[in-house]
Amino acid sequence: MNTTPTDITHSENSRVSSSPKVPHRRRHHSIKQWGPPVLLILPSLILVAIFVYGLLGTNIYTSLLDNHTPAQVNGVQPVHFVGFDNFTALFSDPDFLWSLRNLIIFTVVFLIGTLAIGFLLAWLMEKPVKGDGLFRSIYMFPMAVSFIASGVVWRWLLNSGTGEQATGLNRLFEMLHLGFLENAWIGGQKWGILAIAVPAIWQLSGYIMALFLAGFRGIPEELREAARMDGASGWQMYRMVIFPQLAPVALSAVIIIGHMSLKSFDLIMAITSQTWYQTKVPAIDMYNAMTVSDYSKAAAIGTVLLVIIAILVIPYLIHDAKESRNR
């Protein structure tokens, strides 16, 4: 069949005019594909953007202001942008440095004690035994108690009174003629914060036990059998097979306990019933600043805690993202 130049030109024009319709269809198909999921989570995204990241940004901005000056203009407190002056003042304040020291001690003791006891309980309950559900419930029960309620009980147990004024543990030691074990507990000037770590460990050990127990029972039996067939001893099996499998669980436990210890407030306040110097932490300093309307100082303390938590959490998130991509 013979074709004329006019036919060829008409054919080319038809292809050019019809080609843009394909991307349009694809865009329409893509919108139909991801549009409903986005609309479904949009309310949550808006709420998180406002009440999480928006308030975090507001807190950081407030920490760069000075709204606690004695002078007032027409009854209004003046606000000035002072940059990092609030942070410089914080780290020059011996009281705040003492709070950071207490926080580090509390976090280390709380973390080590909770991981050790939780792992030990999980190891003892690794093999299913008759009545293990009852033991799990007993060990998990403290987690169901609020920090305020348990703090009131532990305030009585850790009372620093001696002799006729002794209560709680000191009274028990006196009745058992173990007076040498009596202690000032939370009243101790240097190490009172260690006494606060005891109820925290008691309350969270059961939760860590549940994490490790799930990790233990999630290890395939084939790996253990293969290690036994290769002649691995009990310690070698734990070191080469079990511990590597429990590493993600341990990392999650460290992150959870670490960020909980950094935010500790209610348990300490419930036990001490006042802002004692020897047991105070940055969260209590933030509360004290807010009670005198020094919101810039309180925001600066909150920002410091936010940075510390981010230092702990962000590496975990990066590691978890890499592990997800490798799978």
Side-chain angles (χ1 to χ4, degrees), residues 23-24 26-68 76-91 96 99-100 103 107 143 146-148 204 207 211 248-249 251-267 269 281-327:
H24 177 72
R26 289 177 179 174
R27 284 198 302 270
H28 184 68
H29 178 71
S30 299
I31 293 174
K32 289 181 65 176
Q33 186 175 14
W34 56 259
V38 170
L39 290 176
L40 184 63
I41 65 173
L42 187 60
S44 298
L45 292 177
I46 294 174
L47 291 175
V48 169
I50 295 175
F51 294 104
V52 177
Y53 296 104
L55 294 181
L56 285 177
T58 302
N59 181 83
I60 295 173
Y61 176 72
T62 305
S63 69
L64 304 176
L65 304 176
D66 179 18
N67 64 352
H68 188 65
V76 179
Q77 199 79 24
V79 178
H80 307 288
F81 184 84
V82 295
F84 294 99
D85 288 356
N86 289 320
F87 298 95
T88 303
L90 275 181
F91 287 99
F96 182 71
S99 297
L100 281 179
L103 180 64
T107 300
M143 183 66 186
S146 71
F147 284 115
I148 297 296
L204 270 297
Y207 177 68
L211 292 180
V249 176
L251 181 59
S252 299
V254 168
I255 297 299
I256 293 171
I257 297 301
H259 96 271
M260 289 185 66
S261 65
L262 292 174
K263 298 188 299 182
S264 295
F265 172 79
D266 45 0
L267 180 64
M269 289 292 290
V281 292
I284 292 180
D285 285 333
M286 182 167 58
Y287 167 78
N288 291 337
M290 293 183 67
T291 57
V292 295
S293 301
D294 193 351
Y295 301 116
S296 296
K297 180 180 179 181
I301 297 173
T303 302
V304 170
L305 292 178
L306 176 65
V307 171
I308 296 175
I309 293 173
I311 292 173
L312 288 177
V313 173
I314 290 177
Y316 167 75
L317 296 177
I318 294 174
H319 176 271
D320 187 62
K322 289 181 179 179
E323 290 292 327
S324 298
R325 284 198 299 266
N326 292 335
R327 294 178 193 142

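Every value quoted in this text rests on a predicted model; they were computed, and no experiment measured them.
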Next on the checklist: Within this structure, what is the CZ-CG distance for the pair F84 and L64, rounded to the nearest 0.5 Å?
Outcome noted: 6.0 Å
Checklist entry - Mind checking whether K263 and I309 have side chains closer than 4.5 Å, heavy atoms only? => result yes
Checklist outcome for this item: Note: S63 and F87 closest approach over all heavy atoms is OG-CZ, 3.5 Å
Next on the checklist: Please find the pair of heavy atoms, one from P282 and one from S99, that lie closest to each other, and give the distance.
Outcome noted: CD-O, 3.4 Å
Side-chain atoms of residues 38-55: list all donor-acceptor pairs with protein atoms under 3.5 Å, sequence neighbours left out, distances to 0.1 Å.
none

Checklist entry - When rounded to the nearest 0.5 angstrom, what is the spacing between CG in L90 and OG1 in T303? => result 9.5 Å
Next on the checklist: Pair L262, L312 - check side-chain contact (heavy atoms from CB on, under 4.5 Å), show working.
Outcome noted: CA-CA 10 Å; L262 292 174; L312 288 177; 3.6 Å; yes
Next on the checklist: According to side chain to side chain contact (heavy atoms under 4.5 Å, CB included), who are the partners of D266, at least two apart in sequence or on a separate chain?
Outcome noted: F147, I148
Checklist entry - So does Y61 have more than 12 non-hydrogen atoms from other groups sitting under 6.0 Å from OH? => result no
Checklist entry - At their closest point, which heavy atom of S264 faces which heavy atom of A283, and how far apart are they? => result O-CB, 3.5 Å
Item to check | Partners passing side chain to side chain donor-acceptor pair (under 3.5 Å) against S146 (at least two apart in sequence or in another chain) | outcome: none
Item to check | Short side-chain to backbone donor-acceptor contact, D285 and F96, under 3.5 Å | outcome: no
Next on the checklist: Contact between L56 and L306 at the side-chain level, heavy atoms closer than 4.5 Å - yes or no?
Outcome noted: yes
Item to check | Shortest non-hydrogen separation from N86 to S296 and the atoms involved | outcome: ND2-CB, 3.7 Å
Checklist entry - Are side-chain heavy atoms of Y207 and I256 found at a separation under 4.5 Å? => result yes
Next on the checklist: I need the L100 CG to I301 CD1 distance, nearest 0.5 Å.
Outcome noted: 9.0 Å
Next on the checklist: Can you give me the closest heavy-atom contact between M290 and Y295, atom names plus distance?
Outcome noted: O-CE2, 4.2 Å
Next on the checklist: I need the minimum non-hydrogen distance between I284 and F265, along with the two atoms involved.
Outcome noted: CG1-CD1, 3.9 Å
